[in-house]
Amino acid sequence: MAKHTRRFTEGMLDDRLIMRALDVHQGQTIVDAGCGNGYMSRLFHREVKPGVVYAVDPNPMFIKEIKADISTEDIRPLVGDMTLGTSLPDGCADVVYMAAVLHIFSDEQLLCVAGEVERLLVPGGLFAVVEIAKHATPFGPPMAHRYSPEELREALPFSSVSLDWVAEHFYLQVFRGDA
């Protein structure tokens with residue numbers, strides 16, 4: 001078994017609230033983009049099996065760790081960068097999930113991510129974004145790199161479906177992909 005590298009948000013978020021907000025259920029396909037150690041991929045898998053979870057991260061170390069740690073073919077780890085496009089097929093995902101990732105991208109990269117999400121989602125699919133609140137927190141990126149929920153809605157070309165606070169300093173903004 002591989003050494004478990006703890007993900008920044010692991011243990012901080014209300015995972016049950018995230019599952020409910022996304023209506024995660026059996027048979028779905030989910031892309032956990034920027035999956036890190038894959039802890040959310042594993043949680044998604046429990047709910048969607050026999051569906052599929054693609055655990056996508058640009059860091060080969062994380063993908064290697066996930067591959068060494070899983071015993072199912074329903075979690076499919078792969079090295080991929082949402083800003084450059086992935087090798088996943090068009091329209092393969094009911095949900096694309098990204099947690100504490102979007103704030104690292106430039107405006108140009110954010111548009112590339114949005115294009116890749118749009119390509120991956122089935123019609124009516126959901127794009128779920130967890131981000132750090134844009135107020136003083138004991139951790140996180142500089143304030144100038146953060147998005148308020150309103151700023152995120154303006155930055156992404158999708159229709160906002162819901163907004164939930166999933167931890168003291170984190171919100172989940174859900175968008176519909178066919179905007």
If two hydrophobic side chains count as joined below 4.5 Å and joins carry through other members, does Val117 share a cluster with Leu84?
no
Please find out if less than 6.0 Å separates the ring center of Tyr39 from that of Phe62.
no
Please check this pair: side chain of Asp94 against backbone of Gly125, looking for a donor-acceptor N/O pair closer than 3.5 Å.
no
Cluster overlap Leu172 with Val161, hydrophobic side-chain contacts below 4.5 Å
yes
Under 4.5 Å between side-chain heavy atoms, hopping through other hydrophobics if needed: is there a path connecting Leu111 to Leu120?
no
Parallel, tilted or perpendicular for Phe175 and Phe158, by the 30°/60° rule?
tilted
Report yes or no: do Met143 and Ile132 belong to one cluster of Ile/Leu/Val/Met/Phe/Trp/Tyr joined by side chain heavy-atom distances under 4.5 Å?
no
Would the distance check show the side chain of Asp74 and the main-chain N or O of Lys49 forming a donor-acceptor pair, the cut-off being under 3.5 Å?
no
Report yes if some heavy atom in the side chain of Glu151 is under 4.5 Å from a heavy atom in the side chain of Lys134; otherwise report no.
yes
Going by atom types alone, do Thr137 and Arg146 pair a side-chain donor with an acceptor below 3.5 Å?
yes
Enter the distance from Glu168:CD to Leu13:CG here, rounded to the nearest 0.5 Å.
12.5 Å
Quick one, Tyr97 and Leu126 - any side-chain contact, counting heavy atoms below 4.5 Å?
no
Might you work through the side-chain contact (heavy atoms from CB on, under 4.5 Å) test for Ser41 and Leu43, ending with a clear yes or no?
CA-CA 5 Å; Ser41 296; Leu43 294 178; over 6 Å; no
Walk me through whether Ile30 and Tyr54 qualify under side-chain contact (heavy atoms from CB on, under 4.5 Å).
CA-CA 6 Å; Ile30 297 180; Tyr54 292 101; over 6 Å; no
Does any part of the side chain of Tyr171, heavy atoms only, come nearer than 4.5 Å to the side chain of Val166, both counted from C-beta?
no
Heavy-atom side-chain contact between Val52 and Arg76 under 4.5 Å
yes
Between His103 and Glu131, do the side chains contain a donor N or O and an acceptor N or O under 3.5 Å apart?
yes
Is there side-chain contact between Val174 and Ser160, with at least one heavy-atom pair below 4.5 Å?
no
Answer yes if the side chains of Ser148 and Glu150 hold a donor-acceptor pair under 3.5 Å, and no otherwise.
yes
Is the closest side-chain heavy-atom distance between Leu88 and Val31 below 4.5 Å?
yes
Is the backbone N or O of Gly115 less than 3.5 Å from a side-chain atom of Glu118, with the two atoms forming a donor-acceptor pair by type?
no
Is the shortest distance from a Lys or Arg side-chain nitrogen in Arg42 or Asp69 to a carboxylate oxygen in the other one below 4.0 Å?
yes
Which heavy atom in Cys35 sits nearest to a heavy atom in Asp57, and how many Å separate them?
N-OD2, 3.3 Å
So, the side chain of His25 versus the backbone of Asp23: is there a donor-acceptor pair under 3.5 Å, distance only?
yes
If we only count heavy atoms from C-beta on, is the Glu108 to Thr83 side-chain gap below 4.5 Å?
no
Residue pair Ser87, Leu78: steps toward the side-chain contact (heavy atoms from CB on, under 4.5 Å) verdict:
CA-CA 9 Å; Ser87 60; Leu78 71 119; 3.7 Å; yes
State, yes or no, whether a side-chain contact exists between Met82 and Met98 at a heavy-atom distance under 4.5 Å.
yes
Salt bridge or not between Asp90 and Arg119? Use side-chain N to carboxylate O under 4.0 Å.
yes
Could you check Tyr147 against Gln173 for side-chain contact (heavy atoms from CB on, under 4.5 Å), going step by step and ending with a plain yes or no?
CA-CA 11 Å; Tyr147 290 96; Gln173 182 111 25; over 6 Å; no
